[in-house]
Amino acid sequence: MFCYQCQETLKNEGCKINGICGKKADTANLQDLLIYVVKGIAVMAEKAGKVDKDTGHYIARALFTTITNVNFDEDRIIDVIKQGLSVRDKIKEKYAITGDLHDSAVWNADTKGDFLTKAQTVGVLAEENADVRSLRELLIYGLKGVAAYADHASVLGFEDQAVFDYLVEGMASTTKELSMEEMVAKVMKAGEIAVKAMAILDKANTETYGNPEISEVNIGAGLNPGILISGHDLKDMEELLKQTQGTGVDVYTHGEMLPANYYPAFKKYKHFIGNYGNSWWLQDKEFESFNGAILMTTNCLIPPKDSYKHRVFTTGNVAFPGVKHIADRKDNGPKDFSEIVEMAKTCQPPTEIETGKIVGGFAHQQVLALADKVIEAVKSGAVKKFVVMAGCDGRQKGRSYYTRFAELLPKDTIILTAGCAKYRYNKLNLGTIGGIPRVLDAGQCNDSYSLAIIALKLKEVFGLDNINELPIIYNIAWYEQKAVAVLLALLYLGVKNIRLGPSLPAFVSPNVLKVLVEKYDIKPIGEPEKDMADMLG
Ligand code: FSO
Ligand code: SF4
């Protein structure tokens, strides 16, 4: 195996024997093969000159399946590969495609053994040129993020054909001999498409569940047994709340599901108690002390410990061998969560690990409703800078940088955040400015779109030509591939001088990094004190 797609890759070079994430070598290889199958579908769909909805949906789901901490289950990945081969061959038949095609579009097999043999030849290192490899992987990881957003939106019945079209164009491009300039252009176009994918997801979430509202979220525990729901899927959240009503089982969010507490459609449920715990990587402790049943709707799942594995359920694209999986919806009906509810009833209530409240719900509509206050605060000098500290959290010790950075920020600055990165500072008491909290949480990493909307609105209000003239600085933490999509989106919007940490991606070769530095002034993080002095000027 060779995998270097996430920030925690071994020695910032690559995982070669096992993943730091817990992914086994065969699982990683099968994921490589799944990517290869997606390339073959993309080649076929490009030849067909049309991306059918089913093809778009399949590609989005397949790419999402390979994102870090989503699917650890070889049998399920093999199922997705087999479906992919059939999607590919149907396009061939439907559009009567003939002629010379890339191997990914014609190759075939149907046993695990054959899949594993083929997988050895199609991984990341099959491309020998380090810069070509780097640009292709950068594009593929960005597209994985885009795919996750597209998949989330389509669960709610929203989609943008331009997103599906580019998943095809981008994946097909990685089978072609292109110049460096052409490959850089494909990567940048992925940023434009990431904005579109986030826009359609924002529309899906807000039209279905209303606009997030400023909310106080309880972080203590109640007295009833509970279900802890994590990941990013709001439809699962909705159905779980409905199916637990009146059962005596309470519902809590964990990790990236915290922002569900900001939606009017969910706040109305009395048995929705609040958020329990912190970001994904602490689940091995927090799932233990939660005592109840746990539902993982998307990433980030870490290999569950034996002590609580029997209480964990996966659904959607997430899977882990030996963990019970809740089946997909059939005929527009809801998922059946009754087994989780029954399990929860037999469990002890959560052990309280903290008490109090945190405040969130500052998505674009809510911030724009406060626009007058915000503009006044900037004009009067009460707010000197906005600091975008969105992105992901992770296990690495070096991430304490972000806590320190938040603590060191002068009192006339406001942090704009989204994603699980917020857990590094969302429980600090950073105070308020004129009634506006100094940490404004827009929601999940999936809601990073809100931060772009806020920046573009401020640019308009202040009559600026360039987004970089705004009093906004960017200190982004990344972990997995959705963060790559968000980063490309920011570059597409013209944002410069982004600090990226806790380390620069291992998949960015020195030459590709040079391009990113020259064009966009991307910088690694250093010491919080020095970075702050540099960034605040
Ligand atoms: Fe975090 Fe995990 Fe939302 Fe990521 S839970 S790290 S960018 O997968 O998804 O922010
Ligand atoms: Fe390693 Fe990250 Fe790949 Fe897991 S996803 S194998 S930790 S690089």
Side-chain angles (χ1 to χ4, degrees), residues 1-32 35 64-72 123-125 137 140-142 144-149 151-152 194 198 201 229-234 253-260 277-283 286 296-303 317-318 389-396 399 402 417-424 426 441-449 451 476-489 502-503 505-507:
M1 74 173 277
F2 181 83
C3 180
Y4 62 174
Q5 67 173 354
C6 84
Q7 190 274 326
E8 292 186 358
T9 193
L10 186 68
K11 297 188 185 149
N12 211 29
E13 289 170 7
C15 296
K16 297 174 191 145
I17 297 173
N18 269 317
I20 299 281
C21 58
K23 189 160 75 179
K24 301 259 189 295
D26 280 355
T27 320
N29 290 340
L30 288 169
Q31 290 185 351
D32 286 346
I35 292 295
F64 196 172
T65 297
T66 68
I67 286 182
T68 302
N69 294 338
V70 173
N71 195 326
F72 296 82
V124 169
L125 297 178
E137 295 306 316
I140 292 172
Y141 303 153
K144 288 186 182 193
V146 168
Y149 297 135
D151 187 56
H152 276 295
M198 286 193 275
L201 176 56
I229 172 170
S230 191
H232 306 73
D233 194 302
L234 298 184
T253 54
H254 187 265
E256 271 287 75
M257 200 55 93
L258 159 64
N278 295 278
S279 79
W280 64 272
W281 61 277
L282 284 156
Q283 68 189 249
E286 294 169 353
M296 290 302 301
T297 67
T298 68
N299 43 336
C300 279
L301 173 67
I302 66 177
N317 297 312
V318 203
M389 287 178 74
C392 323
D393 196 11
R395 303 169 249 239
Q396 280 188 347
R399 287 185 186 258
Y402 296 102
T417 193
C420 57
K422 64 169 127 327
Y423 283 103
R424 289 282 168 177
N426 69 345
D441 177 21
Q444 302 178 333
C445 56
N446 293 16
D447 302 309
S448 303
Y449 177 70
L451 304 181
I476 307 279
W478 82 285
Y479 171 60
E480 46 86 335
Q481 298 78 54
K482 278 193 277 177
V484 178
V486 173
L487 179 69
L488 295 179
S503 54
F507 54 81

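In this text, all values refer to a predicted model and were calculated from it rather than measured experimentally. Each ligand, and each atom within it, is numbered from 1 in the order the structure gives. Just so it is clear, the values below take in all heavy atoms, side chains as well, and ignore hydrogens, waters and symmetry mates.
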Visitor: Do any protein N, O or S atoms sit under 2.8 Å from atom 3 (Fe) of ligand 2, and which ones are they?
Guide: Cys3 SG
Visitor: For atom 5 (S) of ligand 1, what's the nearest protein heavy-atom neighbour? Residue, atom name and distance, please.
Guide: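 Looking only at protein heavy atoms, the one closest to atom 5 (S) of ligand 1 is Glu256 CG, 3.4 Å.
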Visitor: Kindly write out the residues that satisfy side-chain hydrogen bond (donor to acceptor under 3.5 Å, both in side chains) with Tyr149, not counting sequence neighbours, or none if the list is empty.
Guide: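 If we apply the side-chain hydrogen bond (donor to acceptor under 3.5 Å, both in side chains) test to Tyr149, skipping adjacent residues, there are no hits.
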Visitor: Would you check if atom 4 (Fe) of ligand 1 lies under 2.8 Å from any N, O or S atom of Glu480?
Guide: yes
Visitor: So which heavy atom in the protein is nearest atom 9 (O) of ligand 1, and how far is it from that ligand atom?
Guide: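 The protein heavy atom lying closest is His232 NE2, 2.8 Å.
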Visitor: Identify the closest protein heavy atom to atom 2 (Fe) of ligand 1: which residue and atom is it, and at what distance?
Guide: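 Answer for atom 2 (Fe) of ligand 1: Cys300 SG, 2.2 Å.
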Visitor: Under 4.0 Å from a heavy atom of Asn299: give me the atoms of ligand 1 that qualify, with their elements.
Guide: 8 (O), 9 (O)
Visitor: For Cys392, take its heavy atoms, then give the atoms of ligand 1 lying under 4.0 Å from any of them.
Guide: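 Answer for ligand 1: 6 (S), 7 (S).
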Visitor: Heavy-atom contacts with Tyr479 under 4.0 Å: which atoms of ligand 1 show up? List them by number with element.
Guide: 6 (S)
Visitor: Can you tell me if Gln481 has a non-hydrogen atom under 4.0 Å from ligand 1?
Guide: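 Contact check Gln481 vs ligand 1: negative.
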Visitor: I'd like to know if the side chain of Gln283 pairs up with that of His254 as donor and acceptor (distance under 3.5 Å, no hydrogens or angles considered).
Guide: no
Visitor: Could you walk me through whether Glu137 and Val124 pass side chain to side chain contact (heavy atoms under 4.5 Å, CB included), step by step?
Guide: CA-CA 8 Å; Glu137 295 306 316; Val124 169; 3.8 Å; yes
Visitor: Among all protein heavy atoms, pick the one closest to atom 1 (Fe) of ligand 1 and tell me residue, atom and distance.
Guide: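 Going atom by atom, the protein heavy atom closest to atom 1 (Fe) of ligand 1 ends up being Cys420 SG, 2.3 Å.
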Visitor: Which bit of Met1 gets closer than 4.0 Å to ligand 2, counting heavy atoms only: side chain, backbone, both or neither?
Guide: side chain
Visitor: Using the ring pair (Phe, Tyr, Trp, His ring centres under 6.0 Å) rule, take Tyr479 and Trp281 through it: C-alpha gap first, then chi angles, then the decisive distance, then the call.
Guide: CA-CA 11 Å; Tyr479 171 60; Trp281 61 277; over 10 Å; no
Visitor: Just wondering, do Gln481 and Thr68 contact through their side chains at under 4.5 Å, heavy atoms?
Guide: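 They are in contact (side-chain heavy atoms under 4.5 Å apart), so the answer is yes.
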